[in-house]
Amino acid sequence: MKISSQLGNFKIIQTIKDRDELLILGSWADLVKLFDSKRTFRVNENQNLFGIYVCKQECAEFLTRILQDIDYHEWEDFQLEKSPLSRRYLA
């Protein structure tokens with residue numbers, strides 16, 4: 001899944017070895033804004049691509065933070081419809 005936001009550009013991939021582990025890819029600057037730099041590692045030197053492994057719960061918190069950072073004031077007529085699952089975003 002590719003995500004572009006004000007916090008950066010990211011790509012989330014589920015690992016094959018462990019289905020509960022996800023790899024988040026992005027630039028060094030984007031990843032260290034949201035995660036500890038000690039956990040971040042280089043994936044591809046030519047593309048300046050870095051990654052970090054997270055569990056599904058940590059990924060859900062990451063996605064929640066990105067959603068909370070959206071500036072809804074720019075959207076004049078935007079309304080979220082309530083659904084029974086709207087409060088269930090944890091992995």
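We're numbering straight along the sequence, starting at 1.
There is a path of hydrophobic side-chain contacts, each under 4.5 Å, that joins Phe35 to Met1. Residues Leu7 and Val54 share a single hydrophobic cluster, defined by chaining ILVMFWY side chains whose heavy atoms lie under 4.5 Å apart.
A 4.5 Å side-chain heavy-atom check between Ile24 and Leu31 finds at least one atom pair inside the cut-off. Residues Trp28 and Thr40 meet the side-chain proximity criterion, which asks for heavy atoms closer than 4.5 Å.
Closest heavy-atom contact between Cys55 and Leu22: O-CD1, 4.5 Å.
Residue pairs meeting the side chain to side chain donor-acceptor pair (under 3.5 Å) criterion with at least one partner in residues 13-23, sequence neighbours excluded, are absent. Within the structure, every pair that satisfies the salt bridge (charged side-chain N to carboxylate O under 4.0 Å, His left out) test and touches residues 25-38, not counting sequence neighbours, is listed here: Asp30-Lys33.
Every residue two or more places apart in sequence or in another chain that forms a salt bridge (Lys or Arg N to Asp or Glu O under 4.0 Å) with Arg39 is listed here: Glu58. When the side-chain contact (heavy atoms from CB on, under 4.5 Å) test is applied to Asn9, the partners found at least two apart in sequence or on another chain are Ser4. Scanning for side-chain contact (heavy atoms from CB on, under 4.5 Å) contacts around Lys11 gives Lys2, Ile13, Leu25, with sequence neighbours left out.
Atoms OH and SG, from Tyr53 and Cys59 in turn, are 14.0 Å apart once rounded to the nearest 0.5 Å. Taken to the nearest 0.5 Å, the CD atom of Gln68 stands 11.0 Å off from the CG atom of Leu63.
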Check residues 45-52 and write down every donor-acceptor pair under 3.5 Å in which the side-chain atom is one partner and the other belongs to a residue at least two apart or another chain.
none

